[in-house]
Amino acid sequence: MMMTDETLPSTFADLPYEIDSWSSHSAHFHPRNIKIDDPKEQASRWSSGSNDHKQYVCVKLHRPSVVRSVTLGKYHKMHVCNLKEFKVYGGMKRNSMVELLHSGLRNDDEAETFPLLHRMNGTVFPCQYIKIAPLLAWGANFNFSIWFVKLMGNDDPALVEHLEQRWYAYQESEAIRYCLKHLRQRNLMRAFGALQEQTRVQLEHPFVTMLHSALVEQGDFARCEELLGSDVHLFDERISDSKYALTWTQILPVDGDGQHGSELASVSVPGMRGGHQMCIDNETSTIYLDGGWNGVQDLADLWAYSIADNRWTCLHRNTAECGGPGPRSCHKICFDSRNKCIYVLGRFVDPSVRARAPLRSDFFRYSLESNSWKVLSADTAADGGPDLIYDHQMDVDSERGVIYVCGGRTISTQHSSSSSSP
């Protein structure tokens with residue numbers, strides 16, 4: 001039977017201990033002081049002889065126990081030597097311990113209690129030695145102080161003896177698994193099979209073994225995808241605990257002459273701009289960039305960036321000259337993957353020129369296959385569509401052949417106003 005928290009006694013006992021060893025202490029601040037809870041006595045504490053990371057206090061329990069919690073007392077007011085960060089280790093031997101806790105204390109006068117790790121992979125383990133290792137004090141460059149330590153847990157001899165036997169059996173199984181892992185990595189499969197047959201220890205879950213066989217031994221990626229797509233939730237806990245690490249990488253493209261990055265001439269790559277629009281063709285791994293504002297004027301150029309080749313290509317310096325949209329920014333474009341087309345709608349018009357500029361909402365389509373532009377509407381408002389807008393959102397359903405436009409701000413000769421209707 002696997003011993004779990006549910007099968008452990010629900011009540012904890014105070015676990016008596018003696019001071020076993022310590023790294024150092026200063027003056028009369030001996031480690032034995034941590035057995036006495038006297039928060040108003042300045043001298044009732046252990047204080048290290050230095051503030052390096054080699055400092056510790058190790059205690060020995062009167063008998064092996066399942067240590068469930070540790071309580072650290074404090075001085076009756078905040079103190080610069082309180083532990084801002086510390087670790088707690090435990091084990092049956094002083095030279096073989098595992099980390100039970102990594103935490104820190106608040107710098108106040110209230111004692112704090114912390115639960116301690118007492119099971120590993122579902123197996124409850126006892127300890128006879130507990131070591132507290134300070135890492136950082138609240139006051140910079142101050143030595144560490146521990147005022148009082150209380151350990152709570154289960155020390156029933158019959159229970160602990162049973163747990164100790166199970167713990168040693170678990171450690172033996174883990175050691176065999178490490179041997180099996182090494183033998184398989186070295187492709188010593190005869191030794192691997194003999195050890196597994198004799199010990200009856202399984203290296204891993206059968207599903208992981210199948211995945212290893214498909215990926216490492218056979219190189220069958222299709223089979224791996226099939227296995228990972230099956231209704232097995234073996235990795236759910238691991239995935240939920242994993243944290244994504246985001247990494248930004250600056251893209252420095254090259255041109256036909258081999259120039260790279262900042263050495264490229266402005267004719268080879270798009271210049272600096274804002275209010276431009278981009279879309280992507282996932283099938284060809286190509287990004288398209290249209291228009292924008294360079295700080296002086298709106299732009300009407302159209303560019304294609306090949307992700308595979310890391311290279312920009314200018315499709316049109318001025319799309320208006322070939323039947324496409326004129327200079328614009330804050331518009332929207334979207335890519336129709338089925339028909340290989342880019343749609344362009346909307347633009348921002350500066351308030352200073354609205355009185356004399358045409359405020360019609362034109363709508364364009366660019367065909368990648370024919371490299372040609374077509375005016376779908378000279379004025380979408382007159383055709384039952386949206387007014388001249390900017391900062392809206394637009395997307396296309398390629399399968400149904402439908403474009404959706406939502407929100408944005410409309411433009412008139414008086415002012416701009418928000419639009420919330422689709």
Side-chain angles (χ1 to χ4, degrees), residues 244 246 248 270 272-295 297-305 307 315-316 319-320 323-355 357-370 372-422:
Y244 291 99
L246 303 179
W248 284 95
M272 292 188 295
R273 65 190 66 201
H276 54 287
Q277 298 301 313
M278 302 175 72
C279 62
I280 186 170
D281 181 350
N282 289 311
E283 292 183 5
T284 63
S285 297
T286 304
I287 297 174
Y288 295 93
L289 180 150
D290 179 67
W293 183 71
N294 65 3
Q297 61 184 0
D298 285 330
L299 305 172
D301 49 357
L302 178 65
W303 295 80
Y305 171 74
I307 297 175
L315 303 178
H316 298 291
T319 54
R328 63 192 58 210
S329 61
C330 301
H331 53 301
K332 281 294 179 291
I333 67 174
C334 62
F335 181 75
D336 182 351
S337 59
R338 185 172 186 176
N339 299 301
K340 299 296 181 181
C341 294
I342 298 174
Y343 292 89
V344 181
L345 175 68
R347 58 194 168 93
F348 175 75
V349 180
D350 191 89
S352 63
V353 300
R354 288 178 188 175
L359 299 182
R360 292 187 298 273
S361 176
D362 46 14
F363 187 29
F364 292 86
R365 180 180 65 204
Y366 172 68
S367 171
L368 297 177
E369 294 179 349
S370 64
S372 62
W373 287 93
K374 181 178 180 179
V375 181
L376 300 179
S377 174
D379 188 352
T380 55
D383 294 334
D387 295 328
L388 179 57
I389 55 177
Y390 66 98
D391 285 347
H392 51 291
Q393 298 300 319
M394 186 168 70
D395 201 0
V396 60
D397 183 343
S398 297
E399 296 297 322
R400 297 176 59 192
V402 178
I403 294 175
Y404 297 91
V405 179
C406 180
R409 298 179 68 87
T410 59
I411 292 179
S412 67
T413 56
Q414 286 78 29
H415 56 82
S416 299
S417 61
S418 299
S419 174
S420 60
S421 42

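It should be emphasised that the depicted structure is a prediction, and the values quoted were computed from it without experimental measurement. When a residue number appears, it is its place in the shown sequence, counting from 1.
Nearest heavy atoms, Lys332 versus His392: CE-O, 2.6 Å. Shown here for Phe348 and Asp298, the closest heavy-atom pair between the two residues is O-OD2, 4.0 Å. Minimum heavy-atom separation, Gly323 to Val375: O-CG2, 4.1 Å. Annotation for Arg347 and Ile411: closest pair O-CD1, 3.4 Å, computed over non-hydrogen atoms. For the pair Cys341 and Ser367, the tightest heavy-atom approach, listed with the atom from each and the gap, is SG-CA, 4.2 Å. Residue Ala304 comes nearest to Tyr288 through the heavy atom pair CB-CE2, 3.7 Å, listed as atom of the first residue, atom of the second, then distance.
Contact annotation: the side chain of Trp373 approaches that of Leu302 to within less than 4.5 Å [non-hydrogen atoms, C-beta and beyond]. Pro386 is listed as a side-chain neighbour of Leu345, based on a closest heavy-atom distance under 4.5 Å.
For residues 382-392, no pair satisfies salt bridge (charged side-chain N to carboxylate O under 4.0 Å, His left out), with sequence neighbours left out.
Judged by distance alone, with hydrogens and angles left aside, the side-chain atoms of Ser361 form no donor-acceptor pair with the main-chain N or O of Ala381 at under 3.5 Å. Checked by atom type and distance alone, the side chain of Thr319 pairs as donor or acceptor with a backbone atom of Pro325 at under 3.5 Å. Between the Lys340 side chain and the Glu369 main chain, no donor and acceptor come within less than 3.5 Å of each other. Between the side chain of Arg338 and the backbone N or O of Glu399 there is at least one donor-acceptor pair closer than 3.5 Å.
In terms of the salt bridge (Lys or Arg N to Asp or Glu O under 4.0 Å) criterion, residue partners of Arg328 (sequence neighbours excluded) are, by chain and number, Asp362.
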